[in-house]
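Worksheet for the structure shown next.
Note on naming: letters A, B, ... go to the chains in the order of the sequence lines (proteins, then strands), and numbering restarts at 1 for each one.
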Amino acid sequence: MPMSTVEPKVQQQPVEITAVPEQKPQELHYVRFTVLNRTLHVTMMLSFIVLALTGLSLKFSYAAWSVKLSHLFGGFQTAGIMHRLAASVMFLTFGAHLWDIMRIKRHERWSWRDLLFGPNSMMFTLQDVREFFATIKWFVGAGPRPRYGRWTYWEKFDYFAVFWGMFAIGFTGLMLWFPIFFTRLLPGSLLNVATIVHSDEALLAVGFIFTIHFFNTHLRPEKFPMDTTVFSGQMSLTELKRDKPREYEQLVASGELKQHLAEPQPAVVIKAYKVFGWIVLTIGLTVVILIAYAMLFAHV
Amino acid sequence: MPVKEARRNQGRSRIVRAALLLAGLTCLLAPHGWAAQASDASDTCLACHGEKDLTTKHGNKTVSLFVDGKHFAKSVHAALSCTGCHSDLEGKDIPHPTPAKVNCSTCHIEEQGHYEKSAHGKASAHGNQRAPACVSCHGNHDIVPVKDAHSAVSRRNAASLCTTCHNQGQAALKNAKLSPHDVSKNYPDTIHGEGLAKRGLTLGPTCISCHKAHDVMSPGDAHSSTGRARIMSACGQCHSHLEVVHQKVIRAEVWKNKSTIPACLDCHQPHPARQEAYGDERADTKCLSCHNNPDLKSRDGHSMFVNVVDLGSSRHAKLTCNDCHSDIMPSHAQGGKTVAGKVDCASCHADPGQRYQHSIHGQLLARGDANAPSCADCHGTHHVMGKQQPESPTFASNVPDLCARCHREGEKAAMRYHGAEHQIIGRYSESIHGKGLLKSGLTVTATCTSCHTPHSELPASDPASTVNPKNVPSTCGTCHHGIEEKFSHSVHSASVTQTDKRLPVCSDCHTAHSIQRADQDRFKLEIMNTCGQCHSEVAATYFDTYHGKVSRLGYTTIAKCYDCHGSHEIRKVRDPQSTLSSANRVATCQKCHAGANANFAGYLAHATHHDRKKYPLVFWSFWAMTGLLVGVFVFGGIHTFMWLPRSWRLRQELKAEEMAEKIKDAARTPEAPDSSSPREEP
């Protein structure tokens, strides 16, 4: 079912290469993400941060920082309201993304099969398995760097982690939000199970996003300090050639590349993205440290 | 017919006469028969107990079991057999078991009633080993009629009997802190004693004439025959027409108002009573002629000034000096010269005095401890006031300060204390009781003495102490009666749970001196730890749930132990009356979760993933999730760390490329400084 972000049409104004003014030589950038994709990523980030902070203050209530955090939010009731609001935002983000996929499907007149197993689908394919083993070989110096396509296997993993999390955390969260409703049918002890699933799955999400996802996309040395593609939606052609050679070749072969080029965004905007990105990164890394501290030292 | 009738009547009267005769003979002979029987039975006993060397061992002590048969035969009880008193030995084979103490009240019911009300009886009931019992005065096997000159309690011997104890220097007396002056020495010098001892007048009054025999009471007792209220009738037994006799010395108008008539003892000292007339001055006037001088000092330098104003406004305003300073001799030119000992308040205030002796304060004083407080240390001396008077140091709101004199941190009593209760005065002042008393001015609030009692204070470790854990519920229950009643049904009450472990009492949850309002946050948050001190495992699992976690964050509007289990009336969950019994559980959840049903109530409020047997679902959910977490992080971690060196090399390569680009640009720049050729995209 999931599939994403092949722009139906170029969002930014298509730029005629010949029309580039003489004085300002600009290397055109490849547009990887639509405005909606970028917006949804930002709303998800913000709601995720709020969910993480309000939720963790409860999960690690035995740590001193939790008590401070909880009071910072204005008490557990307020934190609870914020948690539910942020959850609603995340549900909406998720819904918007599903709606987006269905819109593309309709627009492109894709069948379900096209959607799920088309060339740019987010679904894992045999190609991903091959690339995974090729990557491991590359890691140990036994082969060249694989020629990745539009979506690498770790990007697909991240994507599905959110998908799975939406169901695991989202559903258990609703159970805990409306316990009276759910226990009309389910036994009360499932609320205990829901608590464990909700909180541990959330710990997994938080831990994964703030360490492995951060490393994979921003902190690995070649990208450090930050890859702004997810905010600007753009990447340079050099980058595209280097990181997604197979996609580049496909685009060139189909002659569609030109449709996906746009003028780079002003330096100041990129800088703003970086500042914003780093604020979130800092919060995320701090949370990781606090969790580690709570789990290792503060447990009673 | 009449003849027949007469004969029949004759026959009937003959039968009646014979019956009467028989009855008369029976009456006459029977006692002799019984006595014979009794002495027969006694002979059986005396066969052994008549031996002078018959002894037994009571612990380490050798006790003689000899009964003098001759004395017994002369005693008032000779008619009774041994088992008449030692009734528990009736029908027992020899060697018989140790008999119980003889209970004289089986026959002497009235005397026993008097004895129980007397100072002796009360002391005995308090467990005073030296308190006299029946045998102490009357003896045992050799009791002779009171009128018999040999009787220990006869008029002739009574004085020497009483003074075996009431004698300065006697251990019993010293310990009991009875009258400070020496009765044994003084009585023979009195007009009464002189008559008996020196002139052989057995009609003169002895101890029991005034004090009574079985119902002897301290003069302070309202029912005492020698108390202020009744002394006149005691003296009046012999001294009639007191008014006439005293008209010379007591002005006529004084007699008109009953309340102004002085008590006999105001002028005539009881034991050193002499025949002197004292003039119309009462002792006070004479004493104060010297003691109203503010500069009057004793040889060792302490002030002997008596403030008349203080004395006049005191509780003892109506007493005379010698009522308390009982060894004053008003007849002497300087009556105070005879004062030897300290005032003994217990001579009037017998009950508080008795209690004080058993208290830790009294025990310390008996041991001669310099820190021990006496009556005067708390109540003052000449300015003594009732506890209802706001100026009194014993008035409710002054009590904490009074006790603080010794018990405040750093003071002498606090220094000796090695227990867990510290800063008691400060903590009390901040407690709900202290605030009620000191801030809200509620004099009905509990002060120190409400819990520790005013005169019987004992360390909590003493089983007789009101603050001993065993007694705490009833102590608190004197005010919090409803709670005590609820508590008595709870699983924490000793009446419900039989266990070797110590059960919690009020102070374990509420503390002793820092008691807070139970509806305030601090108490609500602390109570979880308090319950956890005993219920540690259950408390730990509580903190694993949402309720516990929110509580630990410091919020109180969430279910705590007592919200579900109840507080004072906690019962076992199995108990149908428990708030958590299957019948009540849903209603308990509904207190917070409106609309909760039985399924909802099935939520495991103490679920823990540590207990596989009890909570398998929770256990396996936890480990499944943990497995997932560990798996993902191990996989992701390894992937990342393997990536790191490759990515680093890539960065170096990129930098080198960038550098090469720059050099290329620099080489091109001088040729076409301003031209910027748009780079061709492939």
Report which part of [X] has an atom under 4.5 Å of a heavy atom belonging to chain A: side chain, backbone, both, or neither.
X        : result
B/Phe641 : neither
B/Leu654 : side chain
B/Ser551 : neither
B/Ala540 : neither

Taking all atoms of both residues into account, what is the closest heavy-atom pair of [X] and [Y], and its distance?
X        : Y        : result
B/Asn597 : A/Thr183 : ND2-O, 3.4 Å
B/Ala594 : A/Ile180 : O-CD1, 3.5 Å
B/Phe600 : A/Pro179 : CE1-CB, 3.6 Å

Inset, instruction - For the residue pair A/Tyr153 and B/His639, categorise the inter-ring angle as parallel (less than 30°), tilted (30 to 60°) or perpendicular (more than 60°). - result: perpendicular

Inset, instruction - Check the angle between the aromatic planes of A/Phe215 and B/Trp643 and answer parallel, tilted or perpendicular using the 30° and 60° thresholds. - result: perpendicular

Legend entry - 4.5 Å side-chain heavy-atom contact, B/Thr640 and A/Arg220: no

Inset, instruction - Go through the atoms of A/Thr238 and report whether side chain, backbone, both or neither lie under 4.5 Å from a heavy atom of chain B. - result: neither

Legend entry - chain B contact via A/Phe181 - which portion, at a heavy-atom distance below 4.5 Å: neither

Legend entry - Heavy atoms from other residues, nucleotides or ligands near CZ of A/Arg246 exceed 12 (cutoff 6.0 Å): yes

Main-chain N/O of [Y] paired to [X] side chain as donor or acceptor, under 3.5 Å:
X        : Y        : value
B/Arg646 : A/Trp138 : yes
A/Asn192 : B/Leu604 : yes
B/Lys549 : A/Ser61  : no

With chain B, which of [options] has the greatest number of heavy-atom pairs at distances under 4.5 Å?
options                                : answer
A/Leu186, A/Leu69, A/Thr195            : A/Leu186
A/Phe157, A/Phe139, A/Trp154, A/Phe208 : A/Phe139
A/Leu185, A/Leu204, A/Leu190           : A/Leu204

Legend entry - B/Val550 vs A/Leu58, side-chain contact (heavy atoms from CB on, under 4.5 Å): CA-CA, chis, key distance, verdict: CA-CA 7 Å; B/Val550 173; A/Leu58 191 60; 3.4 Å; yes

